[in-house]
Amino acid sequence: MRTKIKDILLSEKTDYAVNIKGWVRSFRNNQFIALNDGSCMASIQAVIGLDTDEAIVKKITNGACLSIDGVVKASLGKGQKVEVVAEKVTILGECDPEQFPLQLKNRPSLEYLREIAHLRFRTNTFGAVFRVRHTLAYAIHKFFNDRGFVYLHTPIITASDAEGAGEMFRVSTLPADNPPKNEDGSINYTEDFFGRCTNLTVSGQLEAELGAMALSDVYTFGPTFRAENSNTARHLAEFWMIEPEVAFNDIVDNMNLAEDFIKYVIKYAMDNNREDLEFLSQRLAEEEKQKPMNERSEMGLMEKLEFVVNNSFERITYTDAINILLDSPAYKKKKFQYEVKWGIDLQSEHERYLVEKHFKKPVIVTGYPKDIKAFYMRMNDDGKTVAAMDILAPGIGEIVGGSQREERLDMLTRRMEEMHIPTEEMYWYLDTRRFGACPHAGFGLGFERLVLFVSGMTNIRDVIPFPRTPKNAEF
RNA sequence: UCCUCCUUAGCUCAGUUGGUUAGAGCACAUGACUGUUAAUCAUGGGGUCCCCCGUUCAAGUCGGGGAGGGGGAGCCA
């Protein structure tokens, strides 16, 4: 029976027989195999005798997959406490070193590893990133489960495109070269698979609201698709989003939930993936050394995570934010490229100033002008602002966007009409306001942005196994 | 989509004012050594200088166009 390398290294027990299986990370001196099975960051050292069959020894190459039977012994060398003294080495999968594109000793760049995303799991960095990603996903379910939330699976194919969260990917079985047409030349979707035009979802929020109007506390966690031509280190065409929706919560409850949630999952990763996070922390520190002094971050990764877990997020209104910006040295020295005045949407440079320069911690901004926010957000009594909230994180920008929803039918209908959203098509959404409406609130959190924040990686393409971006759907 | 930078060996990169046969480290192969930790030592093979067009006696190097990638911006999560 196979023993995981993690268990052998953790227990530090010696003098017992094991079978280990994994991939060769290095083979030194024709004797010492560093074998890694992904169960943890570290590889284990397996020692083979000098009398080992030469045909086997020749096949112990970087990347090869081995099964080793042997005995766990206290190590004679200095680099490790225990090692496996091999009795039998079986080559499960050979790996031709001349063709294997992953050469760990060369410290391949992240850009290069993206081109071989099918093999990059075999590096320490991506091993750590994807173990952390898993832990965060698990922690998310645990957080909500422990609080009595119901995990609601909202549809991936949807006919609704009303939220206007972005360009959508069309889902169709009509022939692309010659689709059936209406008399006016437009495509006749009544002949399509669903008998209407359908798209991949941009958000599960509206459906989550329907669930919350009976189950009270629900959340979604699933893939989301945006066909925007966004080429940045923070955007994907296919990404995972977490969207809790809670009946009877107001905007303050919503902020509390979001803050507790973020702190919980970060703490969970720190408690359960310390080795991975310490490696990523060191990796980031080395990367920072390449940068000029003034661009380096003040805190290391572990420090930053500790800080976020142990300090309250700053809570300010949009109006406060504008005033802080107008008062800032940066504004007075005309450092901002974009205009600052009440009513603008905060630009990246403004968000970064607030989070990284002024408060130096995560910031929750509430009470945005209604004109720059979505139709479903609840109108405040001033008639100018809505009960929206964005959480801005250092280095990432917007990580959470949420709001208390407009539960008043007349107000909601008026907003939809103002924003030219077809109320007839959205009858099912408006029904929740007709039949037993209640105050409720929720938010959306981009999972990859959370993984970015926790892992200290800087490009979103490096925290999802197979990134989907404009002009790139390899693998 | 816009701005900007980059593209030279399998990888990471150097390549001077345009001028012989384009280099290094690592990787890889062969051999030596054998308690190594990115093992070490010796030897060796390996190039569409991203693509196209142009300037020139001569282009990796200069100019124009294209493709791909990075960083920044917009849109957003």
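All values reported here derive from a predicted model rather than from experimental measurement.
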B:A24 pairs with, by Watson-Crick or G-U criteria that keep both distances under 3.5 Å: B:U12

Taking CG from A:Leu102 and P from B:U12, how many angstroms apart are they, rounded to a whole number? 12 Å

How far, in whole Å, is B:U56 from B:C49 if one measures between their P atoms? 23 Å

Protein-nucleotide distance (A:Gln103, atom CD; B:G25, atom C1'), rounded to Å: 12 Å

To check you understand the geometry: which heavy-atom pair defines the closest contact between A:Cys40 and A:Leu9, and what is its length? SG-CD1, 4.2 Å

B:G66 and B:G71: how far apart are their P atoms, nearest whole angstrom? 23 Å

Report, as a single string ordered 5' to 3', how protein heavy atoms within less than 4.0 Å touch nucleotides 32-47 of chain B: B base, S sugar-phosphate only, - not at all. --BBBBBB--------

Now, which nucleotide makes the Watson-Crick or G-U wobble pair with B:G68, with each of the two distances under 3.5 Å? B:C6

Contact nearer the 5' end of RNA chain B, comparing A:Gly446 with A:Glu115: A:Glu115

Lys NZ or Arg CZ of A:Arg147 over A:Tyr264 ring: under 6.0 Å, within 45°: yes

In terms of the nearest nucleotide of RNA chain B, which residue is placed more toward the 5' end: A:Met241 or A:Thr458? A:Thr458

Quick one: are A:Val246 and A:Asp253 in side-chain contact, heavy atoms under 4.5 Å? no

Could you tell me whether A:Leu450 contacts a base, only the sugar-phosphate backbone, or nothing, with contacts defined as non-hydrogen atoms closer than 4.0 Å? nothing

For the side chain of A:Asn459, starting at C-beta, report the closest nucleotide among B:G68, B:G72, B:G70. B:G70

Sticking with atom P, work out how far B:G68 lies from B:U55, rounded to a whole angstrom. 28 Å

Quick one: does A:Ser230 reach the base of B:C76 with a side-chain donor-acceptor pair under 3.5 Å? no

Paired to B:G19 by Watson-Crick or G-U wobble criteria (both distances under 3.5 Å) is B:C57

Quick one: A:Phe447 CZ to B:C76 C1', roughly how many Å, whole number? 19 Å

Distance between the C1' atoms of B:G15 and B:G23, in whole angstroms? 7 Å

What's the closest nucleotide to the side chain of A:Tyr338 if the choices are B:C75, B:C11, B:G74? B:G74

Residue-phosphate contact under 4.0 Å: A:Arg461 side-chain N/O, B:G70 OP1/OP2: yes

Does A:Thr385 reach the main-chain N or O of A:Asn380 with its side chain, forming a donor-acceptor pair under 3.5 Å? no

Evaluate the ring planes of A:Phe261 and A:Phe144, with Trp represented by its six-membered ring, and classify them as parallel (under 30°), tilted (30 to 60°) or perpendicular (over 60°). parallel

Atom pair distance, as rounded to whole Å: CD1 in A:Ile391 and P in B:C76: 18 Å

In whole angstrom, what separates A:Asp462's CG from B:G71's C1'? 14 Å

Taking the ring of A:Phe149 and the ring of A:Phe143, is the distance between their centroids below 6.0 Å? no

Taking any strand in view, what nucleotide pairs with B:U1 in a Watson-Crick or G-U wobble way, both distances under 3.5 Å? B:A73

A:Phe225 CZ to B:C75 P, in whole Å, measures 24 Å

Rounding to an integer number of angstrom, what distance separates B:G63 and B:G19 when you compare their P atoms? 15 Å

Rounded to whole Å, how long is the line connecting atom CG of A:Asn231 with atom P of B:U4? 16 Å

Establish, from distance only, whether the side-chain atoms of A:Tyr429 and A:Glu209 form a donor-acceptor pair under 3.5 Å. yes

What about A:Tyr151 and A:Phe221, are their ring centers closer than 6.0 Å? no

Going by side chain to side chain contact (heavy atoms under 4.5 Å, CB included), A:Arg378 matches just one of A:Gln404, A:Lys370, A:His440. Which one? A:Gln404

Counter-base of B:G35, judged by Watson-Crick or G-U geometry with both distances under 3.5 Å: none

Taking atom P of B:C76 as reference, at what distance in whole Å does atom CD1 of A:Ile396 sit? 18 Å

When both hydrogen-bonding distances must be under 3.5 Å and the geometry is Watson-Crick or G-U wobble, what is B:C49 paired with, if anything? none

